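Each remark here refers to the structure printed beneath this line.
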Amino acid sequence: MVASSPLVKMQSLHKSYGDGAVQVLKGIDIEMKPGERLVVIGPSGGGKSTLLRVMMGLEQIDSGSITFAGQPYVSSASREKKTLIDTEVRRSIGMVFQHYTLFPHLNILQNLVLAPRKVRNEPKASAEARALSLLERFGLAAKARAYPAQLSGGQKQRVAIARALMLDPKLMLFDEVTSALDPELVSEVEHVIMQLADQDMPMMIVTHDMWFAKNIASRVIFCAGGVVVEDGPPEQVLGSPREERTREFIERVFHIKQ
Ligand SMILES: Nc1ncnc2c1ncn2[C@@H]1O[C@H](COP(=O)(O)OP(=O)(O)O)[C@@H](O)[C@H]1O
Ligand SMILES: [Mg+2]
């Protein structure tokens, strides 16, 4: 990969639900460089989750394309009304959702080794060793044999992050991962994400947490009405937005008067 080439290049992404009845993405163009940490903010229902789900191949698109590290990744073949996706690339993207998605009948260690064993045929011993070292790093070593129901919400989210890391992602997507947590559990999850940031993991983060957005973002994108309204460094987009719509949103959601 050429140093200056983008990690992700989304071009004119269009997406609707219900046979075109609800247009959610109306031409999204986002270019993300390697090592960038992109925070996406915007009103509820604005398509942030849809955008991340498209990145994970969980949603079809109507038109547009995404390249990943210069390779075609997602494209729409309009004649067949089908979205084409490179499954190898998809495996190099990890995602954590707002609601924990751990398998309840598997213990934490089993949750972590499942994908690498299935997808990569990784030997059990090696997958378990990697899992234990990740759990150690996230302060969860003592929970390896516990079941999800025995963990706090914050611990579950940290496990979900560790599980995504088991496939050595080249990009991590976080969709409001602390929104469902009790306030006192938020920082332990944000701390783990900031640890990943310190190791230069590229990430796209949807959050309503202003403190977190300011501290983690190398760039902030304000999405509303299915388009990118404003895109720039956090000091600008969060601190002195150029667009009236961004200013109004930040005042309302973050209670900060500009
Ligand atoms: N599976 C779906 N079927 C129909 N409509 C959907 C579906 N998922 C999301 N939507 C609609 O698409 C819009 C964008 O949703 P979403 O991407 O979840 O926005 P955000 O994450 O910014 O709140 C909303 O109006 C939502 O109701
Ligand atoms: Mg959402």
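The structure presented is a predicted model; accordingly, all values stated were derived computationally and were not measured. Just so you know, ligand 1 is whichever comes first in the structure, and atom 1 is the first atom listed for that ligand.
- Residue G42 places no heavy atom under 4.0 Å from ligand 1.
- Atom 3 (N) of ligand 1 has as its closest protein heavy atom Y17 CD2, 3.5 Å.
- Considering both main-chain and side-chain atoms, E59 never comes within under 3.5 Å of ligand 1 through any nitrogen or oxygen pair.
- Of all protein atoms, those of element N, O or S that lie under 2.8 Å from the Mg ion (ligand 2) number 1.
- The protein heavy-atom contact nearest to atom 12 (O) of ligand 1 is V24 CG2, 3.2 Å.
- Checking side-chain atoms of R117 against main-chain N and O of E122 turns up a donor-acceptor pair under 3.5 Å.
- With hydrogens and angles left out, the side-chain atoms of E243 and T246 include no donor and acceptor closer than 3.5 Å.
- The protein heavy atom nearest to atom 18 (O) of ligand 1 is S49 CB, 3.7 Å.
- Under the 3.5 Å distance criterion, the side-chain polar atoms of E251 are left unmatched by any main-chain donor or acceptor of E248.
- Side chain of T83 to backbone of I61: a donor-acceptor contact under 3.5 angstrom is found.
- At least one N or O atom of G46, backbone or side chain, sits closer than 3.5 Å to an N or O atom of ligand 1.
- In terms of protein heavy-atom proximity, atom 13 (C) of ligand 1 is nearest to G45 O, 3.5 Å.
- Taking the charged nitrogens against the carboxylate oxygens, E230 and R242 have no contact shorter than 4.0 Å, which rules out a salt bridge.
- In terms of modelled atom types and a separation under 3.5 Å, the side chain of N107 and the main chain of Q110 share a donor-acceptor contact.
- No single ILVMFWY cluster, assembled from side-chain heavy atoms under 4.5 Å apart, contains both V119 and F68.
- Within the 4.0 Å heavy-atom criterion, the part of P43 lying near ligand 1 is the backbone and not the side chain.
- Put simply, the side chain of Y73 does not reach to within 4.5 Å of the side chain of S65, judged on heavy atoms.
- Protein heavy atom at the shortest distance from atom 16 (P) of ligand 1 is T50 OG1, 3.7 Å.
- Considering only heavy atoms from C-beta on, P116 comes within 4.5 Å of L167 through its side chain.
- Per-atom contact check: atom 9 (C) of ligand 1 touches the protein, criterion being a heavy-atom distance below 4.0 Å.
- On a distance-only criterion, V22 and ligand 1 share no N/O pair closer than 3.5 Å.
- When side chains are defined from C-beta on, P148 does not count as touching V159, because their heavy atoms never get closer than 4.5 Å.
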